[in-house]
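In what follows, every heavy atom counts, from backbone to side chain, and hydrogens, waters and symmetry copies are set aside.
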Amino acid sequence: MPSLRHTIADDLRTQIATARLKAGERLPSEPQLAARYKVSTATLRNALALLQAEGLIEKAHGKGNFVRPPLRRLTYVGGGRTPADPALQVSIRTTNLRARGHLRALLKVSSNSPLTEFLCVTHEGKSPHSLARIYVPRDLAPAVQLSSSPRPQEAEPTATKIRETVTARLPTQEEATTLRISSTLAVLAITSVATDATGRVVEAALLVLPGDRADAVFTTHPTT
């Protein structure tokens, strides 16, 4: 038997799906909804939290809960650096740093080895959609970069193997702030490590996608 919060969430979800509650519309106040469904305010808030996690509603502090407009779906294609969507723009910030902690293990380099980080944020207008941190050994990083790509195509090292790990987790505070999402919304975290024919790691990418609008597609070509 479904719990009260799931029953309430199902009813509100149906109202949104059938446009009885329209995009941008403000929901009745939480006390009004609690009275309508004959539940406590705590139970009502738990129901709203389910819809917030699904990206169907958003809460504006001091203003109430609103139906969110449909979100652009992001598709990450295996082996890429950022979501494959020509409508999205990519802003890039480059930083030189030294390998320490998890980066040292990720790129399989000695401590303090020089690296270049490419911080890539995809966005549509002023709305951010994904966050990627791409790390390359300094001797493989180009001297210049393009605005539409983390690195010039001709400067890319040849990768013969890419290993990707996909994890669902809550965002860090920095990720939530950058992507302008709730800290309670799960994200899709993809770690991609590319190696060359000698086994050297030529690139490591850490990609974060909001869980309410992301799909990851991987294509496998079986061999005999």
Discussion item. Whether the Glu175 and Thr178 side chains hold a donor-acceptor pair (N or O, under 3.5 Å, no angle test) is what I'd like checked.
Written reply: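 No, no side-chain donor-acceptor contact under 3.5 Å.
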Worksheet entry | Residues Tyr76 and Glu164: side-chain donor-acceptor under 3.5 angstrom |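 Present: a donor and an acceptor within the cut-off.
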According to a hydrophobic-cluster definition based on side-chain heavy atoms being under 4.5 Å apart (Ile, Leu, Val, Met, Phe, Trp, Tyr only), do [X] and [Y] belong together?
{"X": "Val136", "Y": "Leu106", "value": "no"}
{"X": "Leu207", "Y": "Val217", "value": "no"}
{"X": "Leu56", "Y": "Leu12", "value": "yes"}
{"X": "Leu179", "Y": "Leu119", "value": "yes"}
{"X": "Ile134", "Y": "Leu115", "value": "no"}

Side chains of [X] and [Y], heavy atoms from C-beta outward: is any pair under 4.5 Å?
{"X": "Val121", "Y": "Val90", "value": "no"}
{"X": "Val77", "Y": "Thr219", "value": "no"}
{"X": "Ile181", "Y": "Arg213", "value": "yes"}
{"X": "Arg13", "Y": "Ile8", "value": "no"}
{"X": "Pro171", "Y": "Val208", "value": "no"}
{"X": "Asn46", "Y": "Leu48", "value": "no"}
{"X": "Thr43", "Y": "Tyr37", "value": "no"}
{"X": "Val39", "Y": "Leu33", "value": "no"}

Quick one: side-chain contact (heavy atoms from CB on, under 4.5 Å) partners of [X], sequence neighbours excluded?
{"X": "Asn112", "answer": "Arg98, Arg100"}
{"X": "Thr7", "answer": "Pro2"}
{"X": "Ser127", "answer": "His129"}

What pair of heavy atoms forms the shortest contact from [X] to [Y], and how long is it?
{"X": "Ala34", "Y": "Leu44", "value": "N-CG, 3.9 Å"}
{"X": "Thr116", "Y": "Leu97", "value": "C-CD2, 4.2 Å"}
{"X": "Ile92", "Y": "Cys120", "value": "CG1-SG, 4.2 Å"}
{"X": "Ala132", "Y": "Thr82", "value": "CB-CG2, 4.3 Å"}
{"X": "Ala9", "Y": "Leu51", "value": "O-CD2, 3.7 Å"}
{"X": "Arg169", "Y": "Thr172", "value": "NH1-N, 4.1 Å"}

Atom [atom1] of [X] and atom [atom2] of [Y]: how far apart are they, to the nearest 0.5 Å?
{"X": "Leu131", "Y": "Leu206", "atom1": "CG", "atom2": "CG", "result": "9.0 Å"}
{"X": "Gln173", "Y": "Thr177", "atom1": "CD", "atom2": "OG1", "result": "4.5 Å"}
{"X": "Gln15", "Y": "Thr18", "atom1": "CD", "atom2": "OG1", "result": "7.0 Å"}
{"X": "Phe118", "Y": "Thr94", "atom1": "CZ", "atom2": "OG1", "result": "5.0 Å"}
{"X": "Arg45", "Y": "Leu50", "atom1": "CZ", "atom2": "CG", "result": "15.0 Å"}

Please list, one pair per line, the donor and acceptor atoms closer than 3.5 Å that link side chains of residues 182-199 to other protein atoms, with sequence neighbours excluded.
{"residue": "Ser182", "atom": "OG", "partner": "Thr184", "partner atom": "N", "Å": "3.1"}
{"residue": "Ser182", "atom": "OG", "partner": "Thr184", "partner atom": "OG1", "Å": "2.7"}
{"residue": "Asp196", "atom": "OD1", "partner": "Thr198", "partner atom": "N", "Å": "3.0"}
{"residue": "Asp196", "atom": "OD1", "partner": "Thr198", "partner atom": "OG1", "Å": "2.7"}
{"residue": "Asp196", "atom": "OD1", "partner": "Gly199", "partner atom": "N", "Å": "3.1"}
{"residue": "Asp196", "atom": "OD1", "partner": "Arg200", "partner atom": "N", "Å": "3.0"}
{"residue": "Asp196", "atom": "OD2", "partner": "Thr198", "partner atom": "OG1", "Å": "3.4"}

Please identify each residue that fulfils side-chain hydrogen bond (donor to acceptor under 3.5 Å, both in side chains) with [X], with sequence neighbours left out.
{"X": "Ser110", "result": "Ser113"}
{"X": "Arg133", "result": "Glu117, Glu174"}
{"X": "His123", "result": "none"}
{"X": "Arg73", "result": "Asp215"}

Worksheet entry | Test side chain to side chain contact (heavy atoms under 4.5 Å, CB included) applied to Ile57 and Ile16, step by step | CA-CA 9 Å; Ile57 67 173; Ile16 293 172; 3.8 Å; yes
Worksheet item: Does Arg180 have any salt bridge (Lys or Arg N to Asp or Glu O under 4.0 Å) partners at least two apart in sequence or in another chain, and if so, which?
Response: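 If we apply the salt bridge (Lys or Arg N to Asp or Glu O under 4.0 Å) test to Arg180, skipping adjacent residues, there are no hits.
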Using a 3.5 Å cut-off and no angle test, enumerate the donor-acceptor pairs between side-chain atoms of residues 60-70 and protein atoms at least two apart in sequence or in another chain.
{"residue": "Asn65", "atom": "OD1", "partner": "Gln52", "partner atom": "NE2", "Å": "3.3"}
{"residue": "Asn65", "atom": "ND2", "partner": "Glu30", "partner atom": "OE2", "Å": "3.3"}
{"residue": "Arg68", "atom": "NH1", "partner": "Asp212", "partner atom": "OD2", "Å": "3.2"}

Fill in: Thr122 side chain to Ser130 backbone, donor-acceptor under 3.5 Å
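Yes.
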Fill in: Listed once per pair and sorted, the salt bridge (Lys or Arg N to Asp or Glu O under 4.0 Å) pairs that draw on residues 16-28, sequence neighbours left out
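Every pair satisfying salt bridge (Lys or Arg N to Asp or Glu O under 4.0 Å) with a residue in residues 16-28: there are none.
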